[in-house]
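For ligands, and for the atoms within them, numbers begin at 1 and follow the listed sequence. What's counted below: heavy atoms across the whole structure, side chains too, no hydrogens, waters or symmetry copies. Note that the numbering runs from 1 along the sequence shown for the chain.
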Amino acid sequence: MASRDAKGLILVADDGPATVEALRRELAPAGYRVFSAASVPDALKLLAATRFDVVIANVRLPGANDLELVRHVCENLDETEVVATTNYATVDGAVQAIKAGAFDYLVKPIAGDRLLAAVEGAIEALRLRKSAGRADPGKGSPGTYGLWGDSPAMQEVIRAIGKAASISATVLVSGESGTGKELVARAIHYGSARASAPFVAVNCGAIPETLLESELFGYVKGAFTGASETRAGFFQTADGGTIFLDEISETSPSMQVKLLRVLQEKEICMVGATRSRRVDVRVVTSTNRDPQTLVAKAVLREDLFYRLNVIAVAIPPLRERGDDILLLAHHFARKFAAEFGKAVPQLSEAALRALRAHTWPGNVRELENVIQRLVVMCEGGTIEVRDLPALMRFSALRESTVTRPLVEIELDYIRSVLSSVEGNRSQAARILGIDRKTLREKLKFH
Ligand SMILES: Nc1ncnc2c1ncn2[C@@H]1O[C@H](COP(=O)(O)OP(=O)(O)OP(=O)(O)O)[C@@H](O)[C@H]1O
Ligand SMILES: [Mg+2]
């Protein structure tokens, strides 16, 4: 364990020795202790042994997909911030890095003052997050594997992850869009003995059918026009680790036959090669449709389904997770407040009720986006029903009809109408179908 008397412990994850040296020359004199790793597996080993304050991670590193390290740290290590670095300036790259959870984004060559500002900002964000956590006790425990959820349904999922992590069998993760399938796949990988080997995610729906085979299995020089050199595929990259085949139902029948063979033989055949080679890869797949229906409709081969479904993890939609909605809302409020350097906003009782009653067709991703917007728009203070997207304001009214006395519902409704007309009582009275005097009396009564 490294000594903690420095201003902070920094891990520079970069495969360029010159970059590592340049960053060390800036950071060490400023009082930071600097460690380095040249690949994702090396970085994971260090991160497992030591709590770093900041990881300065190149978005593209050997041993895993782009941004994989950024995502891993942001989702699993609550006490560590990430500053992403890249060799090329692209807007998309910056957006992706920040979306993955990076605190800041630097383009090489990195100026010394910009570097120090980013690191200081990241450490300040950590400090804010810690004090926010203390000021807000009882609002949920840190999520297991970065997954928040106390509901019986999510506890079941977390148990299934633990079971899946302890063996290398295939896992089929199913759940509606935005329920956390990829997060669960990562949790299985990082909770398993394969954690220090790569996790490679492949979106089967996003890669054209004609390319998928060579992307997955690689190709040998001369296999097709343009194959000017031999190239490894995702399966080789994931050797020793986990491959996550996202949206497995998007694969063609012929691809499914090839995958079946890989699972049976534990061997892959590069495009254009005459012999197969062994790989040691745990396969996790996902679908946002009901797996049984996929089989019944022959979208997914039945024999492949049984191979993929050794462990089934079905993630419940958010609307079936009860108070987890509130737990997640608070979690995201803290997360985004720390990220944007703002005070953590409170949520009024009525706003919480509205969130709880909404049906969340976009599941956790939708909730995350809603809270992110609220944190940006609300300058500290309390989030009220009127701040919520219109759809949720209606669900506030719906929910209240089930569990609350009529007078409260009336007051809530009067308030929401008033707020929708910015306090104009004449207009509110007109909408409510009562005169101004009755409105005044009702407000006085309540
Ligand atoms: N239980 C949870 N706790 C905290 N964050 C979560 C949880 N579930 C999902 N998230 C967050 O919600 C977002 C969506 O999750 P993820 O991408 O894993 O969903 P998905 O099921 O793969 O979605 P899609 O079907 O659209 O691909 C991510 O930002 C993820 O970090
Ligand atoms: Mg996904």
Side-chain angles (χ1 to χ4, degrees), residues 65 67-68 70-78 82 95-102 129 133 139-162 164 171-191 199-207 242-251 284-291 294 312-336 338-339 355 360-373 375:
N65 298 32
L67 286 173
E68 189 50 40
V70 177
R71 273 202 201 93
H72 167 65
V73 175
C74 295
E75 274 159 18
N76 298 294
L77 305 177
D78 256 3
V82 179
V95 171
Q96 295 301 331
I98 299 294
K99 261 192 163 167
R129 195 158 64 211
K139 287 277 161 61
S141 45
T144 319
Y145 312 113
L147 278 155
W148 290 71
D150 285 345
S151 62
M154 276 314 282
Q155 287 302 315
E156 179 84 17
V157 168
I158 288 168
R159 258 197 307 280
I161 293 172
V171 186
L172 177 56
V173 185
S174 60
E176 288 178 12
S177 166
T179 45
K181 296 183 293 295
E182 186 155 348
L183 199 56
V184 165
R186 281 210 170 75
I188 291 171
H189 170 74
Y190 289 110
F199 172 86
V200 177
V202 185
N203 185 342
C204 299
I207 300 175
T242 305
I243 195 164
F244 175 51
L245 303 175
D246 203 0
E247 296 310 337
I248 187 72
S249 64
E250 300 295 309
T251 50
V284 178
T285 55
S286 89
T287 175
N288 57 16
R289 298 164 63 186
D290 170 46
L294 290 175
V313 181
I315 313 181
L318 184 58
R319 63 186 164 280
E320 287 172 15
R321 299 189 208 170
D323 285 343
D324 278 2
I325 297 172
L326 310 183
L327 189 76
L328 282 160
H330 284 116
H331 160 63
F332 290 132
R334 286 194 299 269
K335 176 179 135 181
F336 289 115
E339 203 170 303
L355 295 179
W360 300 106
N363 293 293
V364 186
R365 181 177 299 108
E366 182 186 0
L367 176 61
E368 188 172 14
N369 290 339
V370 166
I371 301 290
Q372 178 175 25
R373 234 179 356 254
V375 171

Taking non-hydrogen atoms only, is F332 closer than 4.0 angstrom to ligand 1 via side chain, backbone, both or neither?
side chain
Applying a 4.0 Å heavy-atom criterion (strictly less than), which segment of L328 is in contact with ligand 1: side chain, backbone, both, or neither?
side chain
Atoms of ligand 1, numbered as shown, that sit under 4.0 Å from any heavy atom of [X]:
X    : answer
S177 : 25 (O), 26 (O)
L147 : 1 (N), 2 (C), 3 (N)
E182 : 18 (O), 22 (O)

Exam field: side chain N363 to backbone S177, donor-acceptor pair closer than 3.5 Å:
yes
Under the 3.5 angstrom rule, does the side chain of W148 hit a backbone N or O of I325 as a donor-acceptor pair?
no
Return a yes/no value for G180: is any of its N or O atoms, backbone included, closer than 3.5 angstrom to an N or O of ligand 1?
yes
Is any side-chain heavy atom of V313 closer than 4.5 Å to one of L172?
no
Quick test: of every protein heavy atom, which one is nearest to [atom], and how far off is it to 0.1 Å?
atom                    : value
atom 3 (N) of ligand 1  : W148 N, 2.8 Å
atom 30 (C) of ligand 1 : L183 CD2, 3.9 Å
atom 11 (C) of ligand 1 : E368 OE1, 3.6 Å
atom 4 (C) of ligand 1  : G146 O, 3.5 Å
atom 14 (C) of ligand 1 : R365 NH2, 3.7 Å
atom 20 (P) of ligand 1 : K181 N, 3.4 Å
atom 24 (P) of ligand 1 : G178 N, 3.6 Å

Assess whether a salt bridge exists between [X] and [Y], defined as any Lys/Arg side-chain N lying under 4.0 Å from an Asp/Glu carboxylate O.
X    : Y    : result
R319 : E176 : yes
E156 : R159 : yes
R186 : E182 : yes

Can you list everything that forms a side chain to side chain donor-acceptor pair (under 3.5 Å) with E366? Sequence neighbours excluded, please.
H358
Would you please name every residue forming a side chain to side chain donor-acceptor pair (under 3.5 Å) with D323, sequence neighbours left out?
R356
Test F332 against every option in V375, V364, V370, L327 by the side chain to side chain contact (heavy atoms under 4.5 Å, CB included) rule and name the one that passes.
V364
Yes or no: does G149 have any heavy atom under 4.0 Å from an atom of ligand 1?
no
